[in-house]
Amino acid sequence: MDLDLGWLLRELIPGSLRALDLVGVFLNGVLGGTIARRQRFDLVGFAILAIVSALGGGILRDTLLQQGPPVALTDPWYLGTALTGALVAFVVRLEGRWWNRTYLVGDSLVLGCWAAVGAGRALEADLGVLPAILLGVTTAVGGGMIRDVVVGQVPAVFGGNTLYATSAVFACLVLIPLHEAGLETAGVYAAILVGAGLSLVARRRRWTL
Amino acid sequence: MDLDLGWLLRELIPGSLRALDLVGVFLNGVLGGTIARRQRFDLVGFAILAIVSALGGGILRDTLLQQGPPVALTDPWYLGTALTGALVAFVVRLEGRWWNRTYLVGDSLVLGCWAAVGAGRALEADLGVLPAILLGVTTAVGGGMIRDVVVGQVPAVFGGNTLYATSAVFACLVLIPLHEAGLETAGVYAAILVGAGLSLVARRRRWTL
Amino acid sequence: MDLDLGWLLRELIPGSLRALDLVGVFLNGVLGGTIARRQRFDLVGFAILAIVSALGGGILRDTLLQQGPPVALTDPWYLGTALTGALVAFVVRLEGRWWNRTYLVGDSLVLGCWAAVGAGRALEADLGVLPAILLGVTTAVGGGMIRDVVVGQVPAVFGGNTLYATSAVFACLVLIPLHEAGLETAGVYAAILVGAGLSLVARRRRWTL
């Protein structure tokens, strides 16, 4: 039996990145909703925190890139997926060991994916390496940062947690040379591996900056 | 005597929407100034809080739509009207039953108007229904949200108050089908009626989500 | 010996404005880092606070002007200079009389420079006088404002300090007529003199609004 390599390249690989991206939107929507529940917000608060958590980083990136309205508004899947996350968090109280582990792994994969995608968009807009890293990190951690500020907390990413933004920086550093060499998709996969791996190891070993 | 229907359609109706829009800018300028007074800010604080309260929602919408600088900067009336509101709040301490009632009714009408205008702009930029609702609600409640965050409070719109953002959602839901059917102005009027009505009834009956 | 006036006009004067601009980015990067140190943030917090302090005002201005990505991202010097400031604040604890005086004078010059440059960009984008003042003040004080909000403080610029945003307003008022008369560079220099002078005198005499 032949493995249809063309199909793999044309469909499965970009499709799996797309799926991971939407998983990220969903997970961060759930996280926003969970924080809304803790703060005893109403449905409006659930919706806004889910949108900010899930889409804030990408919206910030696209607003800075100034190449038309944010993908979060033009792609019909994003808002719906974020709001579905909010609804799930509203109905179910997600907690326990199984959920925490799933969330941790999912969130780490998404961190690398978003950092790589953000850095790639910056390179495609002809920005330099440093701005590309900044926009990659912004895509990955910007939504959580805005959410923390909006509920009156100093962003967790500023200190005291294990390597999170730093993992996003490394994901960008992996992507950039591969992207410049024309290996966009391979670069994103490598960045996800490095970003997620570093983030998970740092959490287990309690590595901090 | 003939009622000049043409004049009504060409002048009075768009003119009255424009007036309501500026009334909204003024009222929210006053509200920003009133909050600045409560926090014992100086004139700079009055001006910034008035601008943020009155124009922040529209600025956020226009920044996301990316079709040129925000109307708040290109329309010569907006900034002046917001600053006039700040000045009034600086000179006069607005309080008492009469002011509260006037404010309540004015603010409810403006809520519907801004939600409808924001959603309409999104549709004209070829965005879908969900993004149009988001941008409508952003126009209506975004300025107050940013203002609350800037003075160190969790945005009131997140929970505990009567249907406010929800009224803006309903105003958008009324506008969108009418706008798609080519009835832009009628849609805005209908949205104002529904948004203001729901907001006032919710306040009186203490409806919350 | 001849003084080569052409060289002065073509090279030295624009060059010195550029240098002052980068000095401003560096000083505000250091300031952001110093605040990160006080809050016990990690290196990520140092970097983000430095970038927000040093580049936030210009980024906000460019995002509102919507004429392409912010200069902070397209000019290769800005991000590096801000991060160098963060690194200096991370390594050295800058304090004492000499540093405070240097900082005060530098910051006052930069205040006038940024206000004038911001107002000039707004005029070049065909905005009116009031929006030009708003964008000038935003360029000068916007970064500090966002930084204060992000670390959970009410922005210092809202009240209780000596004339700071007000000095920026006066710098804009000096620039605008000169800019409209075609004297862009002279206008910036005059604005720096007035802005810095007013800011320093106000601090010494404890003038407040």
Side-chain angles (χ1 to χ4, degrees), chain A residues 25 29 32-56 58-87 90 125 145-155, chain B residues 57 59-70 115 118-119 121-138 140-142 144-170 199 202 206-209:
Chain A
V25 171
T34 306
I35 291 168
R37 173 194 288 275
R38 213 177 295 148
Q39 305 258 356
R40 301 181 183 283
F41 291 158
D42 64 20
L43 259 175
V44 172
F46 271 74
I48 299 181
L49 278 204
I51 292 171
V52 167
S53 301
L55 305 173
I59 288 178
L60 198 51
R61 176 201 64 216
D62 291 343
T63 303
L64 293 173
L65 284 177
Q66 301 213 7
Q67 308 197 321
V71 188
L73 298 182
T74 55
D75 181 315
W77 280 80
Y78 281 115
L79 268 174
T81 306
L83 291 173
T84 306
L87 203 67
F90 188 76
M145 244 181 76
I146 303 176
R147 183 201 58 224
D148 288 348
V149 169
V150 153
V151 299
Q153 289 170 358
V154 171
Chain B
I59 289 177
L60 198 50
R61 176 202 62 215
D62 291 343
T63 303
L64 293 173
L65 283 176
Q66 300 213 9
Q67 308 198 319
R121 292 251 166 87
L123 294 176
E124 279 151 25
D126 283 325
L127 294 179
V129 167
L130 220 49
I133 294 173
L134 180 65
L135 289 188
V137 175
T138 298
V141 310
M145 244 181 76
I146 304 176
R147 183 200 59 223
D148 288 349
V149 169
V150 154
V151 299
Q153 289 169 358
V154 171
V157 83
F158 284 180
N161 56 356
T162 54
L163 308 183
Y164 194 75
T166 312
S167 304
V169 171
F170 277 93
S199 161
R206 307 196 181 286
W207 283 344
T208 58
L209 266 192

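Residue numbers begin at 1 in each chain, while the letters A, B, ... track the order of the sequences.
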Could you tell me whether a side-chain N or O of B/Arg61 sits under 3.5 Å from a main-chain N or O of B/Gly136, the two making a donor and an acceptor?
->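 No.
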Where does [X] contact chain A at under 4.5 Å (heavy atoms): side chain, backbone, both or neither?
| X | value |
| --- | --- |
| B/Ile146 | neither |
| B/Val149 | side chain |
| B/Leu134 | side chain |
| B/Leu130 | both |

Could you check if a side-chain atom of [X] sits within less than 4.5 angstrom of a side-chain atom of [Y], using non-hydrogen atoms only?
| X | Y | value |
| --- | --- | --- |
| A/Ile48 | B/Val137 | no |
| A/Leu49 | B/Phe158 | yes |
| B/Asn161 | B/Thr208 | no |
| B/Thr166 | B/Trp207 | no |

Measure the spacing between CG of B/Leu60 and CG of B/Leu135 and express it to the nearest 0.5 Å.
->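 B/Leu60 atom CG to B/Leu135 atom CG measures 8.5 Å (nearest 0.5 Å).
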Out of A/Arg40, A/Gln66, A/Gln39, which one racks up the most heavy-atom pairs below 4.5 Å with chain B?
->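 Highest number of heavy-atom pairs under 4.5 Å: A/Gln66.
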Using a cut-off of under 4.5 Å on heavy-atom pairs, state which of A/Leu43, A/Ile59, A/Ile51, A/Leu83 scores highest against chain B.
->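 Greatest number of close heavy-atom pairs with chain B: A/Leu43.
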Name the member of B/Thr63, B/Val154, B/Leu64 that forms the most heavy-atom pairs with chain A at distances under 4.5 Å.
->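 Ranked by contacts with chain A, first place is B/Leu64.
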Given that the side chain runs from C-beta out, which part of A/Pro70 has a heavy atom under 4.5 Å from chain B: side chain, backbone, both or neither?
->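 Looking at A/Pro70, backbone and side chain both touch chain B.
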